[in-house]
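The basis for the numbers below is simple: all heavy atoms, side chains too, and nothing from hydrogens, waters or symmetry mates.
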There are 2 protein chains.
Amino acid sequence: MLRVILIEDDPDVREMLSLIINDTEGFSCLRSFADCESALPLIEKETPDVVLMDIDLPGMSGIEGVRRLKGTLPHLDIIMLTVQEDDDSVFNSLCAGASGYLLKSTSPARILKSISEVANGGAPMSSSVARKVVTSFKPQSPSPLSPRETEVLRMLCEGQNYKAVSEALFISGHTVRMHIKNIYKKLHVHSRGEAVKKAVHNRFI
Amino acid sequence: MLRVILIEDDPDVREMLSLIINDTEGFSCLRSFADCESALPLIEKETPDVVLMDIDLPGMSGIEGVRRLKGTLPHLDIIMLTVQEDDDSVFNSLCAGASGYLLKSTSPARILKSISEVANGGAPMSSSVARKVVTSFKPQSPSPLSPRETEVLRMLCEGQNYKAVSEALFISGHTVRMHIKNIYKKLHVHSRGEAVKKAVHNRFI
DNA sequence: GATACAATTACCCAAATGGGGTATTTTGAA
DNA sequence: TTCAAAATACCCCATTTGGGTAATTGTATC
């Protein structure tokens with residue numbers, strides 16, 4: 001029996017979901033709340049298996065709610081259930097610790113399936129959300145750096161200095177400097193920190 | 001009609017998948033190959049809708065194959081279909097540009113569903129893979145840095161130097177240096193580059 | 001009140017870094 | 001074969017950085 005708690009400010013949606021969950025074999029909606037403030041203390045008491053969480057809530061946002069819940073109950077599985085489909089909502093939710101992300105257009109059957117999926121170690125996502133997540137891994141822009149420069153930059157990211165790089169690549173320190181100067185020029189940066197940030201961010205390394 | 005090409009070195013698996021795809025309404029397996037070397041030139045000719053790609057192949061790996069295919073056909077949807085379940089295989093595949101990742105234990109019905117899903121902008125993944133992907137967004141360790149140090153580190157990541165930071169935060173250059181020294185100590189690093197990398201990687205900023 | 005931690009200011013020094021320039025050789029693509 | 005890019009190597013010098021040490025203040029928390 002999967003024990004679910006629901007946080008959703010729209011009373012109609014809340015009621016409907018609660019009924020659907022309770023009317024299905026193997027699922028039980030322990031309680032439902034209209035906001036995080038009232039929900040959080042009780043969730044920590046009741047320790048449900050899964051929480052369905054809206055994002056746009058009065059008071060504390062659902063994302064902040066996730067952050068706090070995961071702080072006290074790291075093993076709790078939380079599925080976002082929201083109309084928000086923008087990158088920020090998705091990525092901030094996942095960074096906060098949500099284990100799934102469904103759009104409100106999701107069918108009741110799919111929601112129930114997602115609840116059992118998340119409880120079994122899955123990460124149910126609406127397909128457009130999943131694509132966003134997967135695409136975020138792919139470097140968006142091709143690296144402007146030559147293979148050698150990429151190699152040098154990778155070592156800079158490890159915190160190696162000129163000398164270490166030159167010894168590792170069997171080239172002189174002068175050459176390392178030249179590569180680094182070219183890297184800075186190509187990335188439009190003027191320091192190591194910026195270069196590392198850009199490299200990590202754009203996945204050049 | 002979804003046009004599929006299959007790359008899989010096991011003849012039995014290849015045959016079976018090919019039959020299943022061709023025997024299903026709305027799907028067509030244009031061709032199948034045992035390795036990337038022979039597949040790539042023909043895929044660029046036939047421009048299928050979806051490619052099913054194994055990872056462990058003779059010669060070029062499936063991951064490298066994805067990288068090359070996405071280089072020439074950026075809009076092609078590729079689903080990895082493999083026994084490999086380790087983090088490296090998953091993340092390298094997605095970084096290379098795969099749009100989906102299924103384990104070989106996936107049922108034929110689910111594979112067919114995934115093909116249409118990926119063609120419709122989704123990102124089908126086996127549930128354990130999806131959880132890996134989602135979990136990778138969550139910072140594993142809470143930041144050990146004080147708020148002020150976090151602020152300083154954020155500016156270092158922007159490529160600001162001591163003076164710029166001190167002016168922006170209305171503190172003396174000496175204080176900035178002290179903060180940075182403490183940051184290095186807490187993060188166990190010895191240079192700006194390393195600190196930036198660690199900060200970005202662990203999402204301290 | 002005591003203790004602990006964060007934030008702040010201060011100084012010294014050696015090493016690393018960034019910016020400017022120039023030049024040769026190798027490699028690969030047109 | 002010709003040309004461009006990449007990789008190699010070198011010079012000078014001002015500035016930045018990293019490491020060490022120490023002291024003061026405020027704000028918590030105990």
Side-chain angles (χ1 to χ4, degrees), chain A residues 71-72 139 141-202 204-205, chain B residues 40-41 44 60 64 67-68 71-72 141-202 204-205:
Chain A
T72 53
S141 50
S143 172
L145 304 179
S146 74
R148 197 61 161 176
E149 287 162 352
T150 304
E151 224 168 338
V152 171
L153 182 53
R154 193 197 318 279
M155 297 198 64
L156 288 193
C157 291
E158 304 299 333
Q160 311 290 346
N161 59 18
Y162 290 1
K163 196 155 81 80
V165 175
S166 74
E167 284 168 4
L169 301 185
F170 305 106
I171 56 183
S172 85
H174 300 291
T175 307
V176 175
R177 256 190 69 65
M178 199 64 237
H179 284 310
I180 291 177
K181 279 200 274 195
N182 286 329
I183 290 169
Y184 289 173
K185 196 176 295 176
K186 287 183 180 177
L187 298 187
H188 307 293
V189 299
H190 307 279
S191 74
R192 214 176 177 111
E194 277 182 295
V196 170
K197 185 193 171 203
K198 206 150 198 167
V200 174
H201 194 253
N202 292 7
F204 291 156
I205 51 160
Chain B
L40 264 52
E44 287 161 26
M60 189 191 309
E64 182 57 29
R67 209 185 317 278
R68 302 209 184 176
T72 53
S141 50
S143 173
L145 304 178
S146 73
R148 196 60 160 182
E149 287 162 352
T150 304
E151 224 169 338
V152 171
L153 182 55
R154 195 195 317 279
M155 297 198 65
L156 289 194
C157 290
E158 304 298 332
Q160 311 291 346
N161 60 18
Y162 291 0
K163 197 154 82 82
V165 174
S166 74
E167 285 167 4
L169 301 184
F170 305 106
I171 56 182
S172 85
H174 299 292
T175 307
V176 175
R177 303 220 28 179
M178 199 65 239
H179 283 311
I180 291 176
K181 279 196 271 197
N182 286 328
I183 290 169
Y184 290 172
K185 195 173 296 178
K186 286 183 181 177
L187 298 187
H188 306 295
V189 299
H190 307 279
S191 74
R192 214 177 178 110
E194 278 181 295
V196 170
K197 186 193 170 202
K198 205 149 196 167
V200 173
H201 194 252
N202 291 5
F204 291 156
I205 51 161

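Atom OH in B:Tyr184 sits roughly 7 Å away from atom C1' in D:dT17 (whole-Å rounding). The distance from atom CD1 of A:Ile180 to atom C1' of D:dT8 is 14 Å, rounded to the nearest whole Å. Distance B:Leu156 CG to D:dT16 P: 14 Å, rounded to the nearest Å. The separation between A:Asn182 atom CG and C:dG18 atom P is 14 Å, rounded to whole Å. When rounded to the nearest whole Å, the span between CZ of A:Arg177 and P of C:dA23 equals 18 Å. Summarising the geometry, the separation between CD on B:Glu194 and P on C:dA16 is reported as 14 Å, rounded to the nearest angstrom. The CG atom of A:Leu169 sits 11 Å away from the P atom of D:dA9 (whole-angstrom rounding). Atom CD of A:Gln160 is separated from atom P of C:dA16 by 13 Å (rounded to the nearest Å).
Ion pairing between B:Glu64 and B:Arg68 holds under the 4.0 Å rule for side-chain N and carboxylate O.
Each of B:His190 and B:Met178 lies near DNA chain D, and the nucleotide nearest B:His190 is the one positioned closer to the 5' end.
Put simply, the side chain of A:Lys181 and the base of C:dG18 share no donor and acceptor less than 3.5 Å apart. With hydrogens and angles ignored, no donor-acceptor pair closer than 3.5 Å exists between the side chain of A:Arg192 and the base of C:dG18.
Closest contact between the side chain of B:Asn161 and the listed nucleotides D:dT16, C:dG18, D:dC11 involves D:dT16. Among the nucleotides C:dT17, D:dC11, D:dA7, the one closest to the side chain of A:His174 is D:dC11. For B:Ile171, counting side-chain heavy atoms from C-beta on, the closest listed nucleotide (D:dA9, C:dT8, D:dA7) is C:dT8.
Contacts of A:Glu194 classified as side-chain hydrogen bond (donor to acceptor under 3.5 Å, both in side chains), with partners at least two apart in sequence or in another chain: none.
Of the side-chain N and O atoms in B:Ser172, one or more sit less than 4.0 angstrom from OP1 or OP2 of C:dT9. For the pair A:Tyr162 and C:dG18, the criterion of a side-chain N or O lying under 4.0 Å from OP1 or OP2 is met. Distances shorter than 4.0 Å separate some side-chain N or O of A:Thr175 from OP1 or OP2 on D:dA9. Proximity of B:Arg148 to the phosphate of C:dT8: a side-chain N or O atom is located under 4.0 Å from OP1 or OP2.
A:Thr175 places no side-chain N or O within 3.5 Å of a backbone atom of A:Ile171 that could act as its donor or acceptor partner.
Contact annotation for A:His179: base contact, defined as any heavy-atom pair under 4.0 Å involving a base atom.
At a threshold of 4.5 Å between non-hydrogen side-chain atoms, the residues A:Glu167 and A:Lys163 count as touching.
Atom CE of B:Met60 sits about 10.5 Å away from atom CZ of B:Arg67, to the nearest 0.5 Å.
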